[in-house]
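Please read the structure below before turning to the comments.
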Amino acid sequence: MCGIVGYTGNKAALPILIGGLKKLEYRGYDSAGIAIGGPSAFILRRCKGKVSALDKLVSSEKINGKTGLGHTRWATHGQPSEENAHPHTDCRGRIVVVHNGIIENYIALRKKLKAKKHKFRSETDTEIIPHLIEEKLKKEKNLLKAVRKAIADIRGSYALGIMSSDEPGTIIAARKDTPLIIGLGKNENFIASDIPAILKHTRDIILLDDMETAVIKPDSVAVFDSAGRTVKKKISRIRWNPSMAEREGYRHFMLKEIFEQPRAIQDTLRGKLNPAKGYIHLEDIGLTVPYVKKIRKIFIVACGTAYHAGMVGKFLIEKMLGIPCETDIASEFRYRSPVMNKSDLFIIISQSGETADTLAALRMAKKRGLKTLSICNVIGSSAARETNGMIFTHAGPEIGVASTKAFTTQLIALYLLTLYLGRIRGAIPRQEAVRIMTAILNIPQQIRLILRKSKAIAKTARKYSKKRDFLYIGRNLNYPIALEGALKLKEISYIHAEGYAAGEMKHGPIALIDKDMPIVAIATAGGVYEKLLSNVQEARARNGIIIAVANTGDKNISKSASDVLCVPVTLEELSPLLNVIPLQLLSYYIALYRRCDIDQPRNLAKSVVVE
Ligand code: M6R
């Protein structure tokens with residue numbers, strides 16, 4: 001996720017771009033850049049770090065150009081650095097491009113362009129775009145036509161802002177699967193990834209749709225569909241106040257991030273699965289086939305929510321690969337004496353990639369000579385830099401302290417890894433891999449169905465928001481989800497909550513149950529469904545209040561539960577991905593009714609960089 005802003009009009013572009021980028025920093029902030037039309041060539045300034053560093057860099061310069069593009073980056077391909085910062089240019093610096101998204105076929109395109117003598121200066125996927133346009137312009141005289149020809153060659157997602165020194169005052173915009181808006185002003189127009197970037201200047205916007213392109217000039221905006229036909233677009237008037245706009249109208253970042261999960265999962269999966277061929281593209285994590293075949297044991301180490309993802313990983317790895325797997329809390333792992341061998345694979349999971357305990361555990365494994373892998377949401381982070389390979393979760397910046405979209409994308413990374421290893425080792429037959437992949441690809445849509453029921457979940461939350469204690473129970477793959485549900489509730493609502501393996505209840509915790517105790521039971525279809533139902537009956541018999549997470553249409557559970565949070569049916573192995581969603585929403589709404597500081601709960605920090 002990156003932030004784009006563009007301006008063309010009769011004012012100096014620089015302050016408008018810098019101001020806009022500052023509003024987009026929540027989308028990423030590892031490097032930033034601008035390109036502004038100058039008298040003969042573009043003035044291009046880029047730097048590593050936040051927008052404030054870019055602001056400082058240009059503060060002493062007189063840059064008066066009235067058309068420009070700006071970008072704040074969240075690294076996906078290539079480390080955060082000046083060279084990898086946007087805008088990127090063609091060989092002659094006459095075309096500049098800012099991009100948000102992922103170009104899946106960039107390696108093949110780069111190869112072709114290099115063969116035609118194009119010079120590349122960065123490691124990014126984006127840089128192929130200006131070169132591709134440069135190439136198309138050899139036959140096309142008009143920039144828009146060249147852009148349309150170029151994007152026809154691209155596979156992946158993009159929001160693009162493009163300028164050429166041959167067409168001063170013009171910005172071309174294009175979009176597929178990544179947001180881009182056009183802001184309308186008087187003798188000036190804008191483009192942006194999101195409303196806050198331009199809200200200071202205009203409240204009239206056009207939402208660009210997938211496969212549309214637009215030509216933006218100071219006094220005109222023309223939008224075209226994929227066939228090049230003019231499209232008449234609706235102009236929307238934005239009534240949000242500036243702080244609401246940063247959260248895209250959501251009341252809290254946490255809620256926004258919960259609702260972003262279908263997109264985050266799609267981005268994490270993008271280009272990785274090929275169900276038609278039963279193939280998983282994960283070659284870039286650097287595990288060679290002979291090495292994969294020799295793995296004897298897998299360690300997964302993480303903290304908090306990431307640890308819960310790791311627990312699901314253990315179930316998957318042991319069940320689907322038959323490889324012993326130990327998942328541990330990093331702060332415990334680093335002070336015990338784990339028995340590790342060089343042929344073991346060591347995985348850390350971390351949203352931030354900076355969690356001190358997780359990094360300490362990683363360094364321990366490296367000292368013992370293990371191959372290491374990170375599942376991480378920040379490209380240039382310590383975790384990403386210090387491991388041999390990385391699976392990047394494309395959640396985008398997670399701002400709410402309570403981790404939501406990072407968790408589901410971490411799970412997706414674990415499914416990808418398990419399938420990849422399973423295919424290489426022959427542990428997962430092709431047909432089975434295809435069956436799982438097909439179901440995974442359906443998950444974003446199924447999550448959308450759950451999100452559409454958020455009002456019903458809010459109603460349940462209201463009923464129980466004054467309770468003092470909660471129990472969460474689940475079994476097998478959904479035991480970690482019970483732990484995660486309880487963690488979400490306690491961290492944002494300050495209600496005491498315990499997650500338990502349902503079968504463990506009678507060994508102690510059942511003593512807690514009385515008529516005031518809500519028990520959230522994860523009871524979706526699968527091998528332990530009936531056992532879970534028995535555990536629910538036992539809790540019911542002690543007057544406990546049952547809130548069940550169950551499959552839509554399950555009649556058994558509705559007999560025992562006071563409330564049912566419905567989720568669609570998926571494969572049992574994938575059920576954690578759906579079951580966690582209503583639990584995130586339940587916690588969110590309970591905290592909302594208790595008027596808690598949801599995005600910044602007391603005593604917590606987003607990234608725990610000290611022991
Ligand atoms: O950045 P990390 O994934 O390494 O962070 C780990 C935990 O601190 C984090 O998951 C924490 O538990 C969250 N606040 C939970 O919502």
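Counting convention: from 1, in listed order, for ligands and their atoms alike.
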Who's the nearest protein heavy-atom neighbour of atom 7 (C) of ligand 1, and how far?
Cys303 O, 3.7 Å
closest protein heavy atom to atom 11 (C) of ligand 1 is Thr305 N, 4.2 Å
Answer yes or no: does an N/O atom from Ile349 fall short of 3.5 Å to an N/O atom of ligand 1?
no
How close does the nearest protein non-hydrogen atom get to atom 8 (O) of ligand 1, and which residue and atom is it?
Val608 CG2, 4.1 Å
Salt-bridge test for Arg270 and Asp177: reply yes if a basic N is under 4.0 Å from a carboxylate O, no otherwise.
yes
Evaluate Ser403 for polar contact with ligand 1, using N/O atom pairs at a separation under 3.5 Å.
yes
Does an N or O from Lys488, backbone or side chain, lie closer than 3.5 Å to an N or O of ligand 1?
yes
With a 4.0 Å cut-off on heavy atoms, is Thr358 in contact with ligand 1?
no
For atom 5 (O) of ligand 1, what is the closest protein heavy atom, and at what distance to 0.1 Å?
Thr355 OG1, 3.5 Å
Hey, what do you get for CD1 (Ile300) to CG (Asp328), rounding to the nearest 0.5 Å?
11.0 Å
Asp599/Arg247 ion pair, N-O < 4.0 Å
no
Atoms in ligand 1 with a heavy atom of Glu491 nearer than 4.0 Å
13 (C), 14 (N), 15 (C), 16 (O)
Considering only non-hydrogen protein atoms, determine which one is nearest to atom 3 (O) of ligand 1 and report residue, atom name and distance to 0.1 Å.
Gln351 N, 2.6 Å
